[in-house]
Amino acid sequence: MDMTSLEITELVVRTIAETAIENEIYFAELDGVVGDGDFGISLASGFNKLVDQWDTLDRSSPGSVLKGVSMVIASRVGGVSGALWGTAFLRAGATAGAKQELTREDVVAMLAAAVEGMKKRGQSDLGDKTLLDAFVPAKDELASVFAGGGSTLEALKRASLVARQKTEEIKPWIAKRGRASYTGERSCGSYDAGSIAIAVMAERIAEAWERASVSANGQGSAK
Amino acid sequence: MDMTSLEITELVVRTIAETAIENEIYFAELDGVVGDGDFGISLASGFNKLVDQWDTLDRSSPGSVLKGVSMVIASRVGGVSGALWGTAFLRAGATAGAKQELTREDVVAMLAAAVEGMKKRGQSDLGDKTLLDAFVPAKDELASVFAGGGSTLEALKRASLVARQKTEEIKPWIAKRGRASYTGERSCGSYDAGSIAIAVMAERIAEAWERASVSANGQGSAK
Amino acid sequence: MKKFVNDPKQFVPEMLKGIALANPGLVKYVPEFNLIMRTDSPSSNRVSIIQGSGSGHEPAHVMIVGKGMLDGACPGDVFAAPPMDYVVGASKLLNSPKGILHIVNNYSGDRMAFEMANEMLDADGVVVKTLFVDDDVAVQNSTWTVGRRGVAGNFFVIKAVGAAAEKGASLDELLALGQRVNANTRSMGVALSGCTPPAKGQPIFTLAEDEIEMGVGIHGEPGRARKKLVTANEMVDEMLAAILSDKKPTTGDERAEPIAKSGDEVALMVNGLGGTPISELYLVYGHAHQQLEKQGIKIWRSYVGEYCTSLEMAGLSITLSRVDDELKKLYLSPVDVPVRVF
Amino acid sequence: MKKFVNDPKQFVPEMLKGIALANPGLVKYVPEFNLIMRTDSPSSNRVSIIQGSGSGHEPAHVMIVGKGMLDGACPGDVFAAPPMDYVVGASKLLNSPKGILHIVNNYSGDRMAFEMANEMLDADGVVVKTLFVDDDVAVQNSTWTVGRRGVAGNFFVIKAVGAAAEKGASLDELLALGQRVNANTRSMGVALSGCTPPAKGQPIFTLAEDEIEMGVGIHGEPGRARKKLVTANEMVDEMLAAILSDKKPTTGDERAEPIAKSGDEVALMVNGLGGTPISELYLVYGHAHQQLEKQGIKIWRSYVGEYCTSLEMAGLSITLSRVDDELKKLYLSPVDVPVRVF
Ligand SMILES: Nc1ncnc2c1ncn2[C@@H]1O[C@H](COP(=O)(O)OP(=O)(O)O)[C@@H](O)[C@H]1O
Ligand SMILES: Nc1ncnc2c1ncn2[C@@H]1O[C@H](COP(=O)(O)OP(=O)(O)O)[C@@H](O)[C@H]1O
Ligand SMILES: [Mg+2]
Ligand SMILES: [Mg+2]
Ligand SMILES: [Mg+2]
Ligand SMILES: [Mg+2]
């Protein structure tokens, strides 16, 4: 596939934004079960703002795009999601630095930095039944496919499968962070909204990648 | 029939009280259509109080019973109904004076005095779509049967028929007094709660009279 | 019906008990007459001011008893005028050598109860004058009504006469002052939902998901029209138009001038009916304020909150009260009553 | 959903506009940051006090900006913590040489937004300290929560530090004072119904006709248990028991003493959640007052009304705050804020 790292970054960011906007109600409903139901709305409002301001962002490098996304999200989205997602994009962007082309190792390092940022900001870790429980294993799966020399499409598909599986696996858990945690044992048995969002976004990115590869290569074989 | 005027007065008052108490919800619902729905509750609470205090009333004469009823109702029932019904019983009792036995003329004069009292207190008249529109014609019918020498039972039955007819006749009218009047033309087409109460009470008094006559005479012929 | 209630029949007494416990030294509770009265009333230097009215309109009137406002309030049950003997009993307890002013919202039930009470008080030599409040423009006067209803505007009437009484005004002065404020005050309400009196256990009326009752009364009496729900601004515009175009009948066939014209100063009240949060009241206030200023009417002071409610009814009323220098001073003079924030 | 609203997305800005229009001279509105601020802040003699929090809790906090309370409030949307740049923007506008006190209700969203903002403010040399409020006893501390929630008790914290700031207290003194009040304040709430954020258009939760949510949070977070509706007195007893038996974790494994024992003096607040009329609040107050006095706890002062709401949610919370002579003086010192009756 002939896309630049900048084009790929934009594709991924735009796919995440579209997913957040299209799933506003669905994500809100998930958060409404034991949380306060604002998750879908917060996310959508931030990414809507991003789409509005897209043309004013500094899109000179992958890192500058990600930092721009971070500022819009952190500034416009209230509370947990603004802080967490803003931190994640910021750390990923900072790790990318000024590079124009990113290697697979760079991408894995960026995701790892995003995770560390969220853990610190959220005072949270794996096992707290948050989006980390979907995001971290998905990131690890991606890294391991990369390490084994698999294609990007395969890596994305396997990562999204892992994320989706994790949303089911953590369903019976008790929420230890976020508003859902206030309900204690009543949070057992319901999906974590943030994790579902991660799974849906991963799936949508894999699809987008497949579509982009098809059109770029003029046929069905993705790199 | 061998009842004294005092016994008859007590029978009538107790029948009115029972009717008010048993129809609390029904009367309230009628008042709820275009009024404020308190009529049934007000009336029932006053007459409940009356039943409670029955044994403490000065029941030495028909007049003293009626004055006692008046004080309980006026003191315990708030607003329009307390004032109107209290005034009606007061005026009737005052007209009866200290007499132990009342003639038919006395009864008609007592009812007329009650009407005058209510008109004055309520600044209302026939045609305002209030209980006066049922009460006055019923009283007139009673008087005319009495004048024609008919039996008391016949007089009560015909009076209650008239009252009932009137409730239907005034249904399309516009309410000009009471809270229902605030709705203007929206009051057209619904029953006036006070008039229905008058009709039901008149019917119940006629029935009570019939029952009392039967048991007094040991057979079906009422005087 | 879900409420904080024990025995529905004890709803009013238990509330009154709470008011007295919460404000020791300021007011006391006389259960016999549903009466909340100032602990320092009657005073021989001050006309005593008494309101009756029904319960369910809190903070009106039991929570505005105190220095600078009412000497006593003896409400009936929820939405019911007080029985005569509450008025008689309260008036005897609060009898002052300077006389008693009864403030009566213009409903037949209240009028009659106070009238009967006054006949009895007269006979006992108690000096009473009665001030009627009828600020609601929703019910247009006509031959077939008993006049207009008294609603949230009674706050301004009470505030003015309460302040003047504190300064020693005579009974006749208070009556004249109160009548002047009442004449300068107009209100209009709208409901988004009914409400449920505890003893009744059912809503007094029900509105569909897209219906409103424009011109509703504070006892849930139907208003001018049941309408489709529109935006906040459209509801405000309709209420302001009703208030500003209103020509209240005075004597005979005469009618008063509209309440305010360009250049006039007014107090602007947005009164919640109980179930509408204060956030919405301020949203409404903002639009009303701007619309009035566009017409050159100057807002002297805002009153946003709950003044005269209908239990937990969702809805609000807007009141405009024209002010002058004398009234401004009275409105700003100090008070000490149960309803407060701090 | 029936509300006084125009465009649901403009609900908060339109409310804030109304607050500013209603209180000219007292506060002003800075749309960029959802900020309501005192017109006379910042002052070089006074630490500036800022609250963020979500909207939908009015009068908290945008209506308690003014003399003796907050210098500014920059809420997020309904029930959402403010975004970082509101906090940064508000803090820069209100920066005082004596420093800034951020009061943050203990929710992850609020904590994180203020933390990020503080990192940026630090970098710019703005001196900020953060005071967390966590008075809710419904959520027991445990390893799996982020600590307790801040609810209506924040009124006492703000009142105390606001009064002290007015007298020139330093930032460190205010932080210590606020922490002391917070440690001495416990609350517990119950909901009879959910509420509907305008932008959401649907109730955040629904209770059956005979259900209550005991221990509810002010954003509709579920509480301790969904239960059957019982009498007002039974609900009060359960809430008081929860408050009085609570031993709040302090440092490490240590736990604080219960909030009040026989002989202690407390302020007793009955706070309406928005849809419950003040009549019911006073009914509840009456029983709570008597139950506490039975245990020898002295009620120093009552606070009955709406302090921290959840839009139009039916329900209430009870707060006990232990007082001493210093705090009593602070609580009674004068204020001038939008929320008022007169
Ligand atoms: N401290 C945290 N660390 C990591 N993720 C978190 C944390 N708190 C919440 N989340 C994630 O965010 C989601 C909820 O976001 P949102 O609804 O915006 O926050 P809030 O819980 O404050 O309402 C949760 O489903 C969870 O996946
Ligand atoms: N002024 C009046 N004169 C005579 N009857 C009246 C008057 N006002 C009301 N009524 C009667 O009383 C009934 C309503 O009583 P009630 O509900 O207690 O009074 P309110 O209208 O004040 O709520 C009406 O149905 C009507 O028959
Ligand atoms: Mg949430
Ligand atoms: Mg009625
Ligand atoms: Mg009535
Ligand atoms: Mg949230």
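We name chains A, B, ... by the order of the sequence lines, and we start the count at 1 in each one.
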Taking all heavy atoms of Thr87(B) and all of Met116(C), pick out the closest pair and write down the distance. OG1-CE, 3.9 Å
Quick check on the structure: residues of residues 110-134 of chain B within a heavy-atom distance below 4.5 Å of chain C, by number. Arg121(B), Gly122(B)
For a quick test of reading the model, state the closest non-hydrogen atom pair linking Ala83(B) to Ala113(C) and the distance between them. CB-N, 4.5 Å
In short, Ser75(B) meets Pro83(C) closest at the heavy-atom pair O-CB, 2.6 Å
Report all side-chain donor-acceptor pairs from residues 16-25 of chain B shorter than 3.5 Å, counting only partners two or more places apart or in another chain.
unit_1: Thr19(B); atom_1: OG1; unit_2: Thr15(B); atom_2: O; d: 2.6
unit_1: Glu22(B); atom_1: OE1; unit_2: Arg204(B); atom_2: NH1; d: 3.1
unit_1: Glu22(B); atom_1: OE1; unit_2: Arg204(B); atom_2: NH2; d: 3.3
unit_1: Asn23(B); atom_1: ND2; unit_2: Thr19(B); atom_2: O; d: 2.8

Between Glu115(C), Met112(C), Met84(C), Arg224(C), who has the most heavy-atom pairs with chain B when the cutoff is under 4.5 Å? Met112(C)
Among Ser108(C), Gly76(C), Gly54(C), Gly89(C), residue most engaged with chain B (heavy-atom pairs, under 4.5 Å): Ser108(C)
About how many Å separate CG of Asp38(B) and CD1 of Ile204(C), when rounded to the nearest 0.5 Å? 10.0 Å
Part of Ala117(C) lying under 4.5 Å from any heavy atom of chain B: neither
For Ala74(B), is it the side chain, the backbone, both, or neither that has a heavy atom closer than 4.5 Å to a heavy atom of chain C? both
